[in-house]
**Student:** 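To start, I am sharing the structure in question, which I have written as structure tokens.
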Amino acid sequence: MNVGSSSHGLASLDDVVQHITSSNNPSTLKAYLNSFAPKESRETILASTFAGGQDPLALLDPSRNTLGYLYILSARLNSPVGATPSLAVIESFCSNFDPKQARCAPDRVTLLARGIVRASESSNNAKYALSPLFSLVTRYPPHLSYLTTLHHIFLKLCVSTRHFTAALPVLSVPITQVDTTLSDLHYNDNLVYHYAGGMALAALKQWHKAEEFFEICVSAPAQAPAAIQLEAYKKLVLVQLIQYGEIAPLPKYTLPAISRMFKATPYASLLKQYPMQINSLRTLVTKEHDLFQQERNLGLINQAIDRAPVWLIKKLTATYLTLGLADIGKEVGIDSPEEVREIILSMIDSGEINASISADGTVTFADPIPQFTKEQLDKMLVEAQQTSQELLQVERYMNVSKEYLTKVGCTYLLTPLV
Amino acid sequence: MEVDMMDEEYAQAYTAKAIGKRPKVVVDDAHPFELEAYISGYSGRSYVDHLLHIMSVCPTLAPQALQLAVKEALKGRDTTLYRNVFAAYERAHQEVPEEIPELSAIATLDQKWIDDTNAKNVAERTKLEVDLKTYTSNMIKESIRLAHRDLGDFYRAVGEQASSLKHYTKSREFCTTSQHVLEMCMSVLELLMEQRSYSHIGTYVFKAEAALDSATNVRQPSGPQAPAGAAQANKEKRHAEREKVTSKLDLATAISHLGQGNYDKAAQSFLKVGSPKGLEDWFGKLMAPGDIAIYATLCALATFPRPAIRSQVLDNDTFGMYIEQEPYVRELLEAYISNRFKTVLEILDRYTARHSLDVHLYSHMLPLTNLIRSKALVQYFQPFSSIRLERMSQAFGWSVEELEQQVVSLIQSGEIKARVDRQNKILKAKETDQRSALFAKAIKSGQDMQAANRKLLLRMRLQQADLVVKAPKGQGGMHHIMTHPSELLSGDY
């Protein structure tokens, strides 16, 4: 399969490997790898084997020859002809590569990640891509707070294979850094990552974090609304209903068109009615059942509806000190006192309300007493200090940035003229 | 012609008022209302206007009102108004055909008077318009102003408010002194109050105030009406004049706030109004002194805290002069101050007829009463840490259920910080542990702030990297992600 053989005067794979092993400067190597042959035949050469049928990867060491390994591996994974490398090879590369070298060729890393997913899908075992991708995502960026193109590939895979917990270590570090030299990002990478992250967190019932992820997606900087932002807004609203029983206002910088569009969907009418007595909410949902089903939000909607009595009861606690179970049932729209009792008990258990039920079915509500330990407070303080430190750094960075200085300089230069 | 147009407009205004309005006002022994005594406080157009309003909201009083209105309307020169009186009666009759006699049985339209008056009006209008034309061609500023003013007055008298307003405002261009501007503003204000176009009053009050300031300043060295040697007397006179205008402006502001539902501001402005002497030429023409007492008191009760009511309303000497006109108002205020809320509510109920038959108050009675009621409840509960609902209901003269409902809605709107013990029928004040509440709040805002920081930082970075969602080239919509996102997740790469 030596297509790009030396008969055409082109470099063969042997030459390439020769180069890889002898080079110790990643950037010159990269330049060579990007130019050793015409564009169309380059990938084919990289995906081929030695003239003797040996596997070039066996000669290379993933941690020392990361860049070359990366080129060959990614070419092989994406080539329609070359033999797909075994899982063990991929895994050993992903867990052993040298991040510094890999960062020289972000496009190849993205290509590699895509290739891994495709290979796993074609072998009908998408799960096996999870572990190499995880190593890739965690090892490639200098810190997990950097957004990369790998993030959304990994997250999408987690969600579509329903391995939500696998994503948690990545999701637990909020993205605060964006570096386009590290990874050739597109705005969709950000949107999809946060959307899929929100879905994973919502599936794990980590509502608070899910809310944040959806919100980031909805409020991402935009000149025109993206469909995924509208979808994220729908999910955001549902998550907020489950969590608070009402929605929080979107950040001011959100594109107004998104909430305008949202108002035209059946979700807005659901929102208006919420929290109502369960039965009326159910009829509303049955009416729009097909749409909710099709948009795959039915699960969240049902959870939100199941939570409705909780919000109604919570409202009652603010107004009443004591109430009979039957009275509560009437307000909430549940007939059997037993069911009401169960809901209240679960609310007391989860600490949502502070109440007690006496033998004759009277519920006595008390104020929830917020408790804080010294450790909690200390932790808060440390976090606050960290945040302000970070902000200080950002400010300093800003102060030396070129745009800022030119702006300041400009006004300074212009004033004497005026 | 124009007259017909106005006729329709006017009639529409009244039908719109009559249709869809809440229950009709009932006048009976429990809610007494002396029509004759009430209406005697007004004169001219406002006399008829009030009666028209009464006819539209209280059909049972219509026959009596009709008689009075017809008599008064015949004194004027506004034929539209005259016809409206009859039309209003017709409508009242349609609503309660059994209770009041047919129109034809009590009054007939005096067609001759209408024709005569119309003819006279046309003649005068032609004369005034010719005058204006002559002055305009001669470019005599002062005369043009006077001509506009006269036309304004004329149109106002015949009930064409729009044309009247047009001429009044036109006259402004020809004003040479601020005194003239002031005069114009006052005429417009009267007109606007008659028309009940509350939202425009503010602008003219503002203009009038500016004119008033410069008028008093300019006249300082040598006013047109300053006879030499009588400087002191002149100064006093000017002062009185100024007071008079200020009173009027305060009143106009107050009415405009009331009309727009700003009860708090309305009460403040009503209480600023000076002594009745300054307003003499507006009484009757626009309102009665008793009206001011009622408006101010109701607005104050609905919005002021108790100490303010005592110091600004009850102990206010100037305002006392207005209260004298309506003795029950003092009773109402005193009952409120001494916490006899049952009496307060009884008085309010007893005088609902009086209040709802008032042109300005009519649409605000419901919100005002509700506000007063909830304020009374809040006030009553304030000193207690817990109270039996039964006792509270006695104090207000309601049933326990009714009271509970009221209290619950107040708690839900956050006006009363308390909770109801449904089982034992007790209302208990909420005790908050300020310390832990503060901690909770601080921690929550800390967390919120950090989250916001994080998100903003990311947003900033995204913008710096230009990762901004853009509409795809060639199409403006949101179709650049054609598939549904949930499909994206399982789709191919």
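In what follows, chains are A, B, ... by sequence order, proteins preceding strands, each numbered from 1. This structure is a prediction, so every number in the text was calculated from the model and none was measured.
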**Student:** For A418(B), is it the side chain, the backbone, both or neither that has a heavy atom under 4.5 Å from a heavy atom of chain A?
**Tutor:**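 Only the backbone of A418(B) comes within 4.5 Å of chain A.
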**Student:** Which pair of non-hydrogen atoms, one from V469(B) and one from A224(A), has the smallest distance, and what is that distance?
**Tutor:**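 The answer is CG1-O, 3.2 Å.
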**Student:** Would you please test E404(B) and Y320(A) for side chain to side chain contact (heavy atoms under 4.5 Å, CB included) and show each step?
**Tutor:** CA-CA 11 Å; E404(B) 193 185 310; Y320(A) 293 100; 3.7 Å; yes
**Student:** Flag the pair V420(B) / L321(A) as yes when at least one side-chain heavy-atom distance between them is below 4.5 Å, and no otherwise.
**Tutor:** no
**Student:** What distance separates M380(A) CE from Q447(B) CD, expressed to the nearest 0.5 Å?
**Tutor:**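 Here the interatomic distance stands at 4.5 Å.
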**Student:** Under 6.0 Å from the CZ atom of R306(B), do we count more than 12 heavy atoms belonging to anything else shown?
**Tutor:** yes
**Student:** Measure S388(A) against the heavy atoms of chain B and call it side chain, backbone, both or neither at under 4.5 Å.
**Tutor:**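 Neither; nothing under 4.5 Å.
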**Student:** State, to 0.1 Å, how close R419(B) and F365(A) come at their nearest heavy-atom pair, and which atoms those are.
**Tutor:**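 In terms of heavy atoms, the two residues are closest at NH2-O, 3.9 Å.
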**Student:** Are K455(B) and E212(A) within salt-bridge range, i.e. N to O under 4.0 Å?
**Tutor:** no
**Student:** Is Q376(A) close to chain B through its backbone or its side chain, or both, or neither, when contacts mean heavy atoms under 4.5 Å?
**Tutor:**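 For Q376(A), there is no contact with chain B at all, as no heavy atom is under 4.5 Å.
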**Student:** Near R340(B) CZ, under 6.0 Å, is it more than 12 heavy atoms from other residues, nucleotides or ligands?
**Tutor:**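 Atom CZ in R340(B) is crowded, with more than 12 foreign heavy atoms closer than 6.0 Å.
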**Student:** Tell me, side chain or backbone of N453(B) under 4.5 Å from chain A's heavy atoms, or both, or neither?
**Tutor:** side chain
**Student:** What part of L467(B) is in contact with chain A, defined as an atom under 4.5 angstrom from a non-hydrogen atom: side chain, backbone, both or neither?
**Tutor:** both
**Student:** Of the backbone (N, CA, C, O) and the side chain (C-beta and beyond), which part of L185(A) lies under 4.5 Å from a heavy atom of chain B, both, or neither?
**Tutor:**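 Contact with chain B is through both the backbone and side chain of L185(A).
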**Student:** Side chains of L462(B) and Y187(A): does their closest heavy-atom pair fall under 4.5 Å?
**Tutor:** no
**Student:** Is it the case that more than 12 heavy atoms not belonging to R388(B) sit under 6.0 Å from its CZ atom?
**Tutor:**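 Counting neighbours around CZ of R388(B), 12 or fewer heavy atoms of other residues, nucleotides or ligands fall under 6.0 Å, so no.
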**Student:** For the residue pair R454(B) and P174(A), what are the closest heavy atoms and their distance?
**Tutor:** CD-CG, 3.3 Å
**Student:** Return yes when atom NZ of K425(B) has more than 12 non-hydrogen atoms of other residues, nucleotides or ligands closer than 6.0 Å, and no otherwise.
**Tutor:**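 It does: K425(B) NZ has more than 12 such atoms within range.
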**Student:** Counting heavy-atom pairs under 4.5 Å to chain A, which of L457(B), I426(B), V407(B) comes out on top?
**Tutor:**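 Highest number of pairs under 4.5 Å: L457(B).
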**Student:** Taking the side chain as C-beta and beyond, is there a heavy-atom pair between Q464(B) and T180(A) under 4.5 Å?
**Tutor:** no
**Student:** For H208(A), which atoms come within 4.5 Å of any heavy atom of chain B: side chain, backbone, both, or neither?
**Tutor:**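 Neither part.
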**Student:** Q229(A) versus chain B, heavy atoms under 4.5 Å apart: side chain, backbone, both or neither?
**Tutor:**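 Side chain only.
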**Student:** Where on L255(A) is there a heavy atom nearer than 4.5 Å to chain B: the side chain, the backbone, both, or neither?
**Tutor:** neither
**Student:** For the interface with chain B, which of A384(A), A232(A), A222(A), P221(A) has the highest count of heavy-atom pairs at distances below 4.5 Å?
**Tutor:**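 Top option by heavy-atom pairs under 4.5 Å: P221(A).
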**Student:** Only pairs of heavy atoms separated by less than 4.5 Å count here; which of D421(B), I411(B), L427(B), L458(B) has the most with chain A?
**Tutor:**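 Most pairs with chain A among the choices: D421(B).
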**Student:** Verify the neighbour count for atom CZ of F206(B): are there more than 12 heavy atoms of other residues, nucleotides or ligands below 6.0 Å?
**Tutor:** no
**Student:** Quick one: pull up OG1 in T176(A) and CG in L456(B) and give me the separation to the nearest 0.5 Å.
**Tutor:**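 If I round to the nearest 0.5 Å, the distance is 12.5 Å.
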**Student:** Using non-hydrogen atoms only, which part of M449(B) is less than 4.5 Å away from chain A: side chain, backbone, both, or neither?
**Tutor:**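 Neither part.
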**Student:** Once you round to the nearest 0.5 Å, how far does CZ of R461(B) lie from CD1 of I175(A)?
**Tutor:**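 Rounded to the nearest 0.5 Å, the CZ-CD1 separation comes out at 12.0 Å.
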**Student:** Given the rule in the side chain to side chain contact (heavy atoms under 4.5 Å, CB included) test, do Q412(B) and T319(A) qualify, once you have shown the distances and angles that lead to the verdict?
**Tutor:** CA-CA 7 Å; Q412(B) 274 163 358; T319(A) 326; 3.7 Å; yes
